[in-house]
Amino acid sequence: MKNIQLLGLLLVVVGSFLPLVHVPVIGNWNYWKLDHYLAITCWIFAACAVFGIVNNNAKMVRFFGVLLILLFAFTLAAVKMQSLQYFSFLPFRSWQEAFAGVVKLKWGWGVEFLGAILMIIAGGNNNLNKRKQL
């Protein structure tokens, strides 16, 4: 199960460099272009998960996997709110929502979430295997 956890971790790290948001005229943004602090937080959580994987601590890996999912959900909400706020100068709410809708989420989020979910699932199966051996 350690290999699956490492694969999930690799997907999280690689996913942070993939296109996450497409902004018209500007182009695609990854985690670093979205927000430096969120990218650094993602990588710190990934580094802590590596520590848990190396030390065979499934609880630690699951914990940081859950933290990564919460971070990704927070980032998605922040992107949506920021795009609405960016067009707040428009007089009607429907116009704001229409223009904010041009900011599109890209396929990198799927890789990010898949990696974190693999870390959680593989960490849960690791404890089951230890119980069966006893």
Side-chain angles (χ1 to χ4, degrees):
M1 292 299 147
K2 194 181 241 188
N3 293 335
I4 295 174
Q5 290 174 335
L6 286 172
L7 175 67
L9 181 72
L10 180 69
L11 287 175
V12 167
V13 172
V14 169
S16 67
F17 295 104
L18 296 176
L20 300 175
V21 176
H22 178 75
V23 180
V25 179
I26 296 173
N28 293 326
W29 286 359
N30 58 16
Y31 233 131
W32 189 258
K33 289 182 182 177
L34 281 175
D35 187 59
H36 298 125
Y37 297 112
L38 290 175
I40 290 169
T41 304
C42 175
W43 296 335
I44 288 172
F45 288 166
C48 293
V50 166
F51 184 73
I53 292 170
V54 169
N55 290 325
N56 251 354
N57 190 344
K59 287 183 180 180
M60 182 181 228
V61 175
R62 274 185 296 180
F63 175 72
F64 283 105
V66 169
L67 282 180
L68 282 167
I69 287 179
L70 292 174
L71 177 71
F72 299 152
F74 171 76
T75 305
L76 286 172
V79 165
K80 179 66 174 170
M81 291 178 66
Q82 184 65 28
S83 64
L84 284 171
Q85 187 68 23
Y86 186 73
F87 294 104
S88 64
F89 66 90
L90 295 172
F92 300 112
R93 180 80 174 158
S94 61
W95 289 5
Q96 293 173 7
E97 291 174 359
F99 278 98
V102 298
V103 175
K104 301 290 184 193
L105 300 178
K106 298 296 277 183
W107 57 277
W109 288 113
V111 175
E112 293 274 11
F113 278 105
L114 178 65
I117 290 171
L118 279 176
M119 288 169 52
I120 293 170
I121 291 173
N125 290 338
N126 197 10
N127 284 340
L128 292 176
N129 291 337
K130 285 181 183 178
R131 289 181 195 157
K132 288 180 182 178
Q133 289 176 355
L134 294 177

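The analysis underlying the following values was restricted to heavy atoms, covering all of them including side chains, and did not include hydrogens, waters or symmetry mates.
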Please check if [X] and [Y] belong to a single hydrophobic cluster, counting links between Ile, Leu, Val, Met, Phe, Trp and Tyr side chain heavy atoms closer than 4.5 Å.
| X | Y | answer |
| --- | --- | --- |
| L70 | I44 | no |
| Y37 | V79 | no |
| L7 | F17 | no |
| M81 | L76 | no |

How many angstroms lie between atom [atom1] of [X] and atom [atom2] of [Y], to the nearest 0.5 angstrom?
| X | Y | atom1 | atom2 | value |
| --- | --- | --- | --- | --- |
| Q5 | I121 | CD | CD1 | 11.5 Å |
| L11 | L18 | CG | CG | 9.0 Å |
| W43 | I40 | CH2 | CD1 | 7.0 Å |
| I53 | K2 | CD1 | NZ | 8.5 Å |

- Task: Of all the heavy-atom pairs spanning C42 and V12, show the shortest one and how long it is.
- Result: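 Residues C42 and V12, closest heavy atoms: SG-CG1, 4.0 Å.
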List the atom pairs, with distances to 0.1 Å, where a side-chain N or O of residues 22-31 and a protein N or O form a donor-acceptor pair under 3.5 Å, not counting sequence neighbours.
from, atom 1, to, atom 2, distance (Å)
H22, ND1, N28, OD1, 2.8
N30, OD1, W32, N, 3.2
N30, OD1, K33, N, 3.1
Y31, OH, T75, OG1, 2.7

N/O donor to acceptor pairs below 3.5 angstrom from side-chain atoms of residues 99-117, sequence neighbours left out:
from, atom 1, to, atom 2, distance (Å)
K104, NZ, G101, O, 3.0
W109, NE1, L20, O, 2.9
E112, OE2, S16, N, 2.8

- Query: Between V13, L6, L9, V61, which is the residue that forms a side chain to side chain contact (heavy atoms under 4.5 Å, CB included) with V50?
  - Reply: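 Exactly one option meets the side chain to side chain contact (heavy atoms under 4.5 Å, CB included) with V50, and it is L9.
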- Query: Considering residues at least two apart in sequence or located in another chain, which fulfil the side chain to side chain contact (heavy atoms under 4.5 Å, CB included) criterion with F63?
  - Reply: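 In terms of side chain to side chain contact (heavy atoms under 4.5 Å, CB included), with neighbours along the sequence ignored, F63 is linked to L67.
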- Query: Hey, does L68 have a side-chain heavy atom less than 4.5 Å from the side chain of M119?
  - Reply: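 A side-chain contact exists here, since the closest heavy-atom pair is under 4.5 Å.
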- Task: List for me each residue that meets ring pair (Phe, Tyr, Trp, His ring centres under 6.0 Å) alongside F51, sequence neighbours excluded, and say none if there are none.
- Result: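 Once residues adjacent in sequence are excluded, F51 has no partner under the ring pair (Phe, Tyr, Trp, His ring centres under 6.0 Å) criterion.
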